[in-house]
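Any value given below was found using the heavy atoms of this structure, including those in side chains, with hydrogens, waters and symmetry copies removed. A note on names: the letters A, B, ... follow the listed sequences, proteins ahead of strands, and every chain is numbered from 1.
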Amino acid sequence: MGKVINIQPITRIEGHAKVSIHLDDAGNVTDTKVHVQALRGFEKFCEGRPAEEMPRIVCHICGICPWAHHLASSKATDACFGVTPPPAAVKLRRLMQSIAYIGDRILHFYFLAAPDFVIGPDADYSVRNVIGIVNAAPDLAKQVVKYRQMTANMLEHFAGRAIHPTLSLVGGVSKPMTEAERQEMLPLAKELLEFSKFTIKFAKDNVFPKYLDAIKTIGVIKVGYLGTVTADGALDFYDGHLRLMKPDGAYDDFKYDEYLDYIGEWVEPWSYQKFPYAKKWGQLKLDLNDPVGVYRTNCLARINVADKMATPLAQKELEEFRAAFGRPAHLTLLYHYARLIELVQIAETAVQLLEDPEITSKDIRAAVTPKAGRGIGCVEAPRGTLIHDYTTDAEGLITNVNLIVGTTHNNAAINLSVNQAAKEFIKAGKYDQGILNKVEMAIRAYDP
Amino acid sequence: MPVKVAEEWLNACSGCEISILNTGEALLDLLPHLDFVHIPVLIDHKYFGQTGDKTVMEIPEAVVGIVSGGVRNEEHKHVAEEMRQKVKILIALGSCAAYGGIPAQANMWKNDEVFDKVFRHCASTEPSPNPEHPNVPKWTNSCQALDEVVKVDITIPGCPPHPDWIADAIGALLAGKTAWALPERSVCDTCPVIREKKSGGGPIKRAFTNIDFDPEQGLDKMRCINEQGFLCLGPVTLAGCAGKEGVPRCVQARTPCRGCFGPIRKGARPMVDMMGALTSVGLDPKTVVDRRAIMNRYIGGHGFLAPLPARPAR
């Protein structure tokens, strides 16, 4: 009779999960499971709600990426009612999304992920955390706090709320940006771009090289990828079409409203979180040696599926990355690197948007008439592709909702990565908190 | 001596924790005075020992316990009870912990109906039995506020709570106080808009058009959102969403309040009070679309929302 190791709760992630690792009599890993323990039921309780209220209800799915849900929902309701927001409204939506992303990336890299790298994966848990970082590098910590707060202040100053926003509505946004506001925000965005450039350089010089071994061993799997690209193949966070790439790099492109042809969701009895999988590749198989239907989303997936980045500095970073790791790059810990390449793009995007005079246009809301319809809105959240699929009745009330959100896409892949890490590090019944933390690092890379 | 603090999240979205981090420099000033013994979002302390060998869940003892999120399943209940046993002062952080929050909208349905939708009637989901496993905690009968399950000492409401109040409440505890509460004022008391105590009448407008305002002017030149004929829950909602200074944050975005700070005082009936507020400016409360859900958006715990025999009222 073997034993079961339980890691609970999984820490420095968003949400509630537990890992169980099953060992045989010899103390070797036979099976692992990541149990997601929370379920809230948004798909049900959104039924009956007025569609125009949705963007301010479903943002509460995630307090780390509320802007992404807010915008996916706005796009889905735009589509239900058949309205096209004016260009300035789209620019303001994109700007808010970019600023929110910058804050999110800084948070994940320095506060959630860095303790494993800066303090060390085997360090005691009491110092392997953000407070350890504050003590080890107080000046850098101050910078991090300052720039994170800057993103929150920029969002609040213009949009009232940094968390759980209300600015975006069916047909556009609730207020225009004044020239004075644009002038105020532009230099701040430039500062954020400088800090983003500093961050990726800091990571490439001081963090990643020391952990090449970890990068090559923790959570390594070879599966497919999902992300959003524009018509010319550039990575885009707000709009485009979806690209689903096989592990060998071949891909299918499809429109949002074709998602049901490509993606199915499987349910396992041991997790509340569903398992989206690539239907056309066969029935989902969670087998480390022969996975079927498994794909990943979030930053590494996005930079793998994109032909190029949308901005010049980020493109340079991508070229350097691809020269080192190829396309698609499969090593799971490269998520941390990919995240920072994206950080550069979104910071460049924020500056570009604020340099565009059209962003202050007063034309920010299209005329809206409620009607029966179906709308599928997608955006790229920090944690991956969001699919919001709504149906409305003639009064514009929601009759049906389907949601596939960020980390859910990664559920199967996270399970495989944990399985790989556990088998790699736990042998003959030997394990300690450093080893179990390495198993968790396989999860943390996905920033779930 | 730093004060020991334990933090947990239950049926939550992590927005409260992000709001703590948004305390910014105030957070760096507070940190040396706080000793976090358990906080899953930041620190790797585990329930069953660091290598998972213990059989009983253990959260270390602390002076202050902070819990975000309501109680939705058996494990949330267990964690809430463990926190209550181990801390002297328990803080309910955010509107999910205070009132049930957005997830308590699910209280309008029976649990079976929610599971049936999620696992058998979602477009991309292959219809399957409900997950059932020892590691998948069972749902409780409803989504509850924290104080429906354990005694709560301090409530910091808001979705999310404003960092000013989190810092303020913790500062008060560090100074030796054991109680803290937001002043009982309404959002309208802190809203600078022009009020004339009348509206143009007619049915209450849905958000298909923007409210009327001059973007070059401040809110003090804008007419009250209710008086413009839209539903704004400011009159029945506790003030404080923008912190110690600043205007109500949804109004700053030129959008109406939806009540995320909850009722102004314990025992209030916001829905009844809001009907009165609308009537007093000449609007017909019966014309609010989806009235029951919208007026209880953040406060569906404490029995405010429950399944109706027929279809939920619109």
Side-chain angles (χ1 to χ4, degrees), chain A residues 5-9 11-12 14 18 20 35 37 40-41 43-45 48-50 52 56-57 60-64 125 128-131 134 145 149 152 159-161 163-164 166-167 169 174-176 178 260 263-267 269-272 274 365 368 389 402 404 431-433 436-437, chain B residues 11 13-16 18-19 21-22 24-25 27-28 31 40-48 50-52 75 102-103 105-106 108-109 113-114 117-119 122-126 128 131-133 135-137 159-160 206-208 210 215-216 249-250 252-255 258 289-290 293 312 314:
Chain A
I5 306 168
N6 291 307
I7 310 178
Q8 190 186 9
T11 43
R12 288 186 279 134
E14 186 228 326
K18 164 180 185 174
S20 60
H35 310 276
Q37 298 165 298
R40 287 169 297 173
E43 289 96 337
K44 185 66 186 178
F45 68 68
R49 309 289 74 77
E52 70 277 13
R56 50 184 307 176
I57 295 173
H60 298 81
I61 289 172
C62 174
I64 299 191
Y125 83 92
R128 191 185 57 220
N129 53 56
V130 63
I131 294 145
V134 171
V145 167
Q149 200 175 12
R161 287 165 159 268
I163 303 169
H164 302 326
T166 61
L167 180 84
L169 293 145
S174 60
K175 69 183 271 207
T178 63
L260 289 171
I263 299 172
E265 289 186 283
W266 183 252
V267 178
W270 42 269
S271 182
Y272 276 139
K274 297 172 191 175
R365 188 99 193 261
V368 176
D389 175 356
N402 190 38
I404 309 180
Y431 61 93
D432 56 27
Q433 62 160 302
L436 296 185
N437 185 51
Chain B
N11 198 41
C13 73
S14 71
C16 291
I18 299 299
S19 201
L21 296 176
N22 284 354
E25 287 180 30
L27 177 70
L28 285 183
L31 270 185
V41 67
L42 294 177
I43 295 180
D44 302 335
H45 177 266
K46 307 296 181 189
Y47 294 148
F48 299 95
Q50 293 311 104
T51 47
E75 191 188 68
I102 291 267
Q105 294 267 298
M108 291 187 286
W109 288 270
E113 295 172 309
V114 178
K117 165 74 183 177
V118 171
F119 294 107
C122 281
S124 46
T125 301
E126 305 192 15
S128 309
E132 240 178 274
H133 189 272
N135 286 332
V136 176
C159 189
R206 291 169 66 181
F208 298 139
N210 281 348
E216 300 292 341
R249 52 194 178 184
C250 288
Q252 170 68 12
R254 308 306 190 263
T255 55
R258 286 290 178 261
V289 175
D290 196 28
R314 283 176 174 171

Subject >> No-hydrogen, no-angle side-chain donor-acceptor test under 3.5 Å, T11(A) and K46(B) >> reply: yes
Given that the side chain runs from C-beta out, which part of [X] has a heavy atom under 4.5 Å from chain A: side chain, backbone, both or neither?
| X | value |
| --- | --- |
| E75(B) | side chain |
| L31(B) | side chain |
| L27(B) | neither |
| L28(B) | side chain |

Check [X] against [Y] and note the closest heavy-atom contact, atom names and distance.
| X | Y | answer |
| --- | --- | --- |
| T166(A) | C250(B) | CG2-SG, 3.6 Å |
| N6(A) | K18(A) | OD1-CE, 3.5 Å |
| P269(A) | V136(B) | O-CG2, 4.0 Å |
| G15(B) | I163(A) | O-CD1, 3.5 Å |

Between chain A and each of [options], count heavy-atom pairs under 4.5 Å; write down the option with the most.
| options | value |
| --- | --- |
| A207(B), C16(B), S19(B) | A207(B) |
| K117(B), E132(B), Q105(B), Q252(B) | K117(B) |
| P131(B), P137(B), P160(B), G52(B) | P131(B) |

Region of [X] that comes under 4.5 Å of a non-hydrogen atom in chain B:
| X | value |
| --- | --- |
| E265(A) | both |
| S174(A) | both |
| I131(A) | side chain |

Original post:
How many angstroms lie between CG in D44(B) and CD in Q433(A), if you round to the nearest 0.5 Å?
Top reply: 8.5 Å
I'd like to verify something: which residue of [options] has the highest number of heavy-atom pairs under 4.5 Å with chain B?
| options | result |
| --- | --- |
| V134(A), I404(A), V145(A) | V145(A) |
| L167(A), I64(A), D432(A), D389(A) | I64(A) |
| H164(A), H60(A), K175(A) | H60(A) |

**OP:** Could you walk me through whether R254(B) and N210(B) pass side chain to side chain contact (heavy atoms under 4.5 Å, CB included), step by step?
**Re:** CA-CA 8 Å; R254(B) 308 306 190 263; N210(B) 281 348; over 6 Å; no
**OP:** Give a yes or no on whether W270(A) atom CH2 has more than 12 heavy-atom contacts from other residues, nucleotides or ligands under 6.0 Å away.
**Re:** yes
Original post:
Regarding K274(A) and the six-membered ring of F119(B), is the cationic atom NZ or CZ under 6.0 Å from the ring centre and inside 45° of its axis?
Top reply: yes
